[in-house]
Amino acid sequence: MLKEWIRNPNLADMVVEERYTSWVESLRTDRYVTVSELQLEKIYGTSKEALAFIAEVLRGQTGVPHPQAPSIKKARLYKVLKEIIEDTSKGQRGASEVSLSGRVKDGAAKALLQKQLGGLGANIGEFMDLKTGAIKAKKPKKEKPPEQEAIAELKKVEKKWKDLLNGLEKVISELAEYKVRNASELVDPAAILLLIEAEKELIQPIDTDVKDGKRRVSLEDLQYWVPLVVHGDDAEAHRRRSFCVVTLASAVCYGSQFNTRYLLYAIDNAQACQESYMTLDMWLMWSLIELQEGRYMSVDPWQNPITRPQGPVAGPYKGVLVNLKGDEKFLQRTLRLQTSWVSENVCALCRASKSGPMVYTTFGVNAPHRTTKLDTSEFIMEAVKPNPWVMLPGFHIDLINFDWLHVVDLTLAPECAASALELTQTDEIWPGDTPDERLRLAYVDFVRECKIHGVRNRGEIFSLLL
């Protein structure tokens with residue numbers, strides 16, 4: 001068969017390529033284990049030399065509290081080099097590659113070729129015309145038009161909204177049995193139920209709209225939707241007076257968000273109480289509903305008739321809240337969180353705690369509390385008290401974000417910078433003649449630790465001379 005194939009006059013040139021390579025490969029692997037000081041004494045003993053070795057290994061490490069015994073000092077966990085594996089291998093490889101192309105026209109040769117190809121020959125008709133022997137190109141996969149993809153995404157959104165509304169009905173029914181002291185007019189279960197019923201009327205089945213040739217949301221409409229970010233924080237003013245400042249900005253803008261930031265309200269914390277914040281947030285939530293709907297409401301948040309303009313709020317544009325952020329103090333007050341930095345449960349978004357197996361100081365990627373993130377219904381029922389923000393149609397736990405400035409810039413960054421300078425003041429840990437040289441050696445160790453634990457390094461060498 002091969003002879004018949006090669007003799008075919010339409011066959012292109014056949015290419016034979018041979019390659020010979022020699023290789024030498026050296027590989028070093030450093031393996032570390034995380035053990036406590038008690039385990040080190042058990043492994044190496046308590047002789048003078050063993051204790052000196054253990055002290056040298058632990059020097060420069062702060063250690064991590066043991067998840068089950070965080071108060072025991074000798075139970076703190078340290079990283080210790082277990083073994084160094086060096087592998088060296090060498091050899092030679094040889095390879096030959098033959099490539100040929102052509103067109104088989106003889107019927108018997110084509111049948112024999114299909115038989116010899118085995119499993120590949122069973123599907124030969126997919127890429128070769130068995131009558132002419134010509135190669136057929138595969139048809140590209142048909143892509144859905146953007147409108148169909150948008151409709152599919154909207155169906156998912158509709159299902160999530162319906163599930164959320166059904167869950168809220170149950171929660172609000174339970175809340176109706178309770179009364180909030182001095183704020184019954186602010187968190188009225190009946191008013192919340194009216195909001196839910198109004199929202200249900202706004203959600204029309206997408207399938208019905210498509211069948212009728214009417215689509216509530218089209219790609220043309222999306223260009224008029226503006227994602228909004230609400231940010232709150234306290235600011236010190238004259239004579240150390242503290243003001244709560246809440247602003248509104250667009251999440252999508254050119255340049256800085258300050259170009260689109262608007263002041264919503266600023267209130268003197270010394271002259272305000274919890275009901276003051278809830279009243280302001282109630283009006284703010286109601287205004288966001290008007291932005292989402294794109295039209296003015298005829299009643300206030302407590303269902304009292306009010307005189308408002310008729311027609312759209314901002315022409316064809318609508319605003320949708322995508323982010324509520326601030327420091328922990330602002331979110332604590334605004335959402336009325338039942339957790340804080342001094343309570344046993346320290347996080348409102350997951351089940352991390354101050355002690356036990358869910359201790360929050362376990363920062364590893366496999367920390368148990370990383371698998372306990374609350375969903376929206378659990379957040380509303382367990383983590384917060386009644387507040388205006390959970391009444392916003394479409395509210396989701398993912399809307400809540402802690403301000404990056406407070407999480408990193410004002411906390412972790414100063415601590416890391418101060419620790420780096422403190423640890424490199426002398427040459428006890430990293431030998432070097434100058435602080436910059438010791439900082440460079442510390443950076444090399446940092447890069448090596450990142451590689452060992454599979455962490456991407458985004459840091460740069462820090463210098464005191466720059």
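- In this structure, Leu349 and Phe379 have side chains that are in contact, with non-hydrogen atoms separated by less than 4.5 Å.
- When only modelled atom types and interatomic distance are considered, Tyr277 and Asn269 share a side-chain donor-acceptor pair under 3.5 Å.
- The minimum heavy-atom distance linking Asn387 with Met278 is given by the pair CA-CE, 4.4 Å.
- Within the 6.0 Å centre-distance limit, the rings of Trp302 and Trp283 are counted as a close aromatic pair.
- Across every non-hydrogen atom of Leu441 and Pro431, the tightest pair is CD1-O, 2.7 Å.
- With a 4.5 Å cut-off on side-chain heavy atoms, Asn401 and Val229 do not count as touching.
- Side-chain N or O atoms of Trp286 include one that pairs as donor or acceptor with a backbone N or O of Val299 at under 3.5 Å.
- Side-chain contact between Val230 and Asn323: absent, with no pair of heavy atoms (C-beta onward) separated by less than 4.5 Å.
- Within the 4.5 Å cutoff, the side chain of Glu37 has no heavy atoms near those of the Arg76 side chain.
- A donor-acceptor pair shorter than 3.5 Å can be found between the side chains of Ser377 and Asp375.
- Of the N and O atoms on the side chains of Gln332 and Ser340, not one donor lies less than 3.5 Å from an acceptor on the other residue.
- Atom CD of Glu83 sits in a crowded spot, with more than 12 heavy atoms from other residues, nucleotides or ligands closer than 6.0 Å.
- No donor-acceptor contact under 3.5 angstrom links the side chains of Tyr360 and Asn345, judged on distance only.
- Looking at Gln338 and Lys385, their side chains come closer than 4.5 Å, going by heavy atoms from C-beta outward.
- Gln274 CD to Thr334 OG1: the interatomic distance, rounded to the nearest 0.5 Å, is 8.5 Å.
- Side-chain contact between Asp403 and Phe330 is absent, with no heavy atoms from C-beta onward closer than 4.5 Å.
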